[in-house]
Number of protein chains: 2
Amino acid sequence: MEGSAPRRTRIQQEKRELILEAALEVFSTNGFRGSTIDQIAEAAGMSKPNLLYYFRRKEDIHETLMERLLETWLAPLRELDDIGDPLTELRSYIRRKLEMARDFPRESRLFANEILQGAPRIMPLLEGELKALVDEKAAVIKGWMRAGKIARTDPWHLIFSIWATTQHYADFDVQVRAVLGPDRGGDGRFEDAARFLEQLFIDGLKPKG
Amino acid sequence: MEGSAPRRTRIQQEKRELILEAALEVFSTNGFRGSTIDQIAEAAGMSKPNLLYYFRRKEDIHETLMERLLETWLAPLRELDDIGDPLTELRSYIRRKLEMARDFPRESRLFANEILQGAPRIMPLLEGELKALVDEKAAVIKGWMRAGKIARTDPWHLIFSIWATTQHYADFDVQVRAVLGPDRGGDGRFEDAARFLEQLFIDGLKPKG
DNA sequence: GCAAATTTTGACCGATTGGACAAACGTTAG
DNA sequence: CTAACGTTTGTCCAATCGGTCAAAATTTGC
């Protein structure tokens, strides 16, 4: 595991944040190999050697970014609560995921980029932490099904399809806007999506009469 | 527009195909900027200058690949037929899309890469051909809804969610397999996905009693 | 206010990259 | 057979890249 966090001055904390913010922008639009340190440095408003004073290697930036990302990314699923009303829980899970796609599209794209390339840097996390979390929540959902609270389906593929549909509005945003056109592709598209997804998943999951 | 197709010798046709096949492999796993001409040349079993004899610039390979891709990619949607039975038509559309994710994951990832980066090279096609096709099919679906053949929803977002869920099994394959684990993540995962998606979409779209 | 520590910069380096080019090699048609 | 054409290769180049380094500028602790 990591050693104890190194002591950091005020300037170091500020500049590191600045760099991570700039790197998020650059990495998420160009991918890791498609991004250059110069680009990130310029976006952060500093020179390349100066940036390298805070992060010694390009990979270190990416790594730090990914570590932070995964936690926020899984938070919505973590909140899925065994105790609450099943349909309400699932509805707010979908809503939270869609809000993340709307409010943090760069994070979504960064993640998508990583997975697309075979997840070379986070494979252990996927097989470990992520799998464990999904298995746990799948068991919760299975419990709801057994109790007749929601219709029976495959909980894993249900989760996949919630991920897929919500993240689609971040990752494929340009396509969504291109297809919807200037009128329907405006700010309202996320509300339309929310209505549609609620109907698709929640109505579809209501227990069969 | 392009001039008339240039005359090509037998060797040129064969070698160009070889290069495109190799480039599909390389581009889809590393992205455009993440791939080098050397990599593609090696995968195609020829030297870099030799490859550059057939495609003068790296971009030309990518461009050719994207042009071919879009047609095959849209073919399933093109087949969605006004005449057929609505639920049957939608069911086979979903099945075809999922089969493409299974059989042509590299093409799917290549496309995803392009969109993720803002679709710099195919934006006009998205706003033109793609939008026109989707609008046309959305109208077909709307007709089915008006006729009471399927439940009412937003046809555009319905199409998006079919794209998202099916392509997810190609683009996020490593994540899917990591989460499902060695047992459930084997070859059967596409059949499980097919069953799940059919239930989600088709049952969800049955007209309300 | 000053010495020590931290931050910033410009100059530089080796490796990799996309691509050019001419010469060598093969193929094909008459 | 041979001349014209098509193909392949080795060598080379300029640009870009990630990263180093020592010196200069700045901030900090006392």
Side-chain angles (χ1 to χ4, degrees), chain A residues 3-66 110 113-114 117 120-121, chain B residues 3-66 110 113-114 117 120-121:
Chain A
S4 57
R7 253 165 230 287
R8 298 231 167 88
T9 66
R10 173 186 56 87
I11 291 183
Q12 267 171 22
Q13 288 188 14
E14 290 173 6
K15 291 296 172 75
R16 280 175 66 95
E17 286 309 313
L18 210 73
I19 292 169
L20 288 172
E21 156 66 26
L24 174 60
E25 183 71 29
V26 175
F27 279 146
S28 67
T29 53
N30 301 105
F32 179 76
R33 280 216 52 186
S35 307
T36 71
I37 302 183
D38 277 302
Q39 282 175 343
I40 300 172
E42 196 193 329
M46 62 179 73
S47 67
K48 178 170 69 167
N50 196 9
L51 181 148
L52 285 167
Y53 171 71
Y54 294 104
F55 291 90
R56 300 182 59 185
R57 296 178 312 145
K58 181 186 174 185
E59 258 203 85
D60 292 346
I61 312 176
H62 191 261
E63 206 178 301
T64 308
L65 229 34
M66 291 300 295
L110 183 66
N113 254 308
E114 176 70 10
Q117 322 236 320
R121 303 162 222 273
Chain B
S4 57
R7 251 166 234 284
R8 299 230 164 87
T9 67
R10 172 187 56 88
I11 292 183
Q12 268 171 20
Q13 288 186 15
E14 289 173 6
K15 292 294 172 81
R16 281 175 65 95
E17 286 310 312
L18 210 74
I19 292 169
L20 289 173
E21 157 66 25
L24 174 59
E25 183 72 28
V26 175
F27 280 147
S28 67
T29 52
N30 301 106
F32 179 75
R33 281 217 50 187
S35 307
T36 71
I37 301 182
D38 277 303
Q39 282 176 343
I40 302 172
E42 196 194 329
M46 61 179 73
S47 67
K48 180 169 70 167
N50 197 7
L51 181 147
L52 285 166
Y53 171 70
Y54 294 103
F55 290 90
R56 301 184 57 186
R57 296 178 312 143
K58 182 184 173 186
E59 257 204 82
D60 292 347
I61 310 175
H62 192 262
E63 205 178 301
T64 308
L65 229 34
M66 292 300 296
L110 183 67
N113 253 308
E114 175 72 10
Q117 321 235 321
R121 303 163 220 271

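All values below come from the heavy atoms of this structure, side chains included, with hydrogens, waters and symmetry mates left out. Chain A is the first sequence line, chain B the second, and so forth, proteins listed ahead of strands; every chain is numbered from 1. Small disclaimer: the values here were computed from a predicted structure and weren't measured.
- Between B:Phe32 and B:Glu59, the closest side-chain pair of non-hydrogen atoms falls below 4.5 Å.
- Across the protein-nucleic acid pair, B:Ile19 atom CD1 and C:dG19 atom P stand 14 Å apart, rounded to whole Å.
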Pairs: protein N or O with nucleotides 9-13 of chain C N or O, under 3.5 Å:
residue	atom	partner	partner atom	Å
C:dT9	OP2	A:Ser47	OG	3.4

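- One interatomic measurement links the two molecules: CD of B:Glu59 to C1' of C:dG19, which rounds to 13 Å at whole-angstrom precision.
- Between A:Ile37 atom CD1 and C:dA15 atom P the separation is 17 Å, expressed in whole Å.
- Enclosure of atom CD in B:Gln39 by more than 12 non-hydrogen atoms of other residues, nucleotides or ligands within 6.0 angstrom is indicated.
- What separates CG of B:Leu52 from P of C:dG18 is a distance of 9 Å, to the nearest Å.
- Between A:Lys15 and C:dT6 there is no side-chain N or O to OP1 or OP2 distance below 4.0 Å.
- Under the 4.5 Å side-chain criterion, counting only non-hydrogen atoms from C-beta, A:Asn113 is in contact with A:Gln117.
- B:Glu114 has its side chain within reach of B:Pro120: a pair of non-hydrogen atoms, C-beta onward, lies under 4.5 Å apart.
- Using a 4.5 Å heavy-atom cutoff, the side chains of B:Ile19 and B:Met46 are in contact.
- Side-chain contact between A:Ile40 and A:Phe27: present, with at least one pair of heavy atoms (C-beta onward) separated by less than 4.5 Å.
- On the nucleic acid side, DNA chain D contacts chain A at distances under 4.0 Å to non-hydrogen atoms, with the end points of that region at D:dC17 to D:dT28.
- Atom CZ of B:Phe55 is separated from atom C1' of C:dG18 by 16 Å (rounded to the nearest Å).
- Ion pairing between a basic and an acidic side chain is recognised when a charged N comes within 4.0 Å of a carboxylate O; A:Arg121 and A:Glu63 show no such pairing.
- Residue A:Gln39 is the one, among A:Gln39 and A:Arg56, whose nearest nucleotide of DNA chain D lies closer to the 5' end (criterion: closest heavy atom).
- Applying the side chain to side chain contact (heavy atoms under 4.5 Å, CB included) test between A:His62 and each of A:Leu110, A:Leu24, A:Leu20 identifies A:Leu110 as the sole match.
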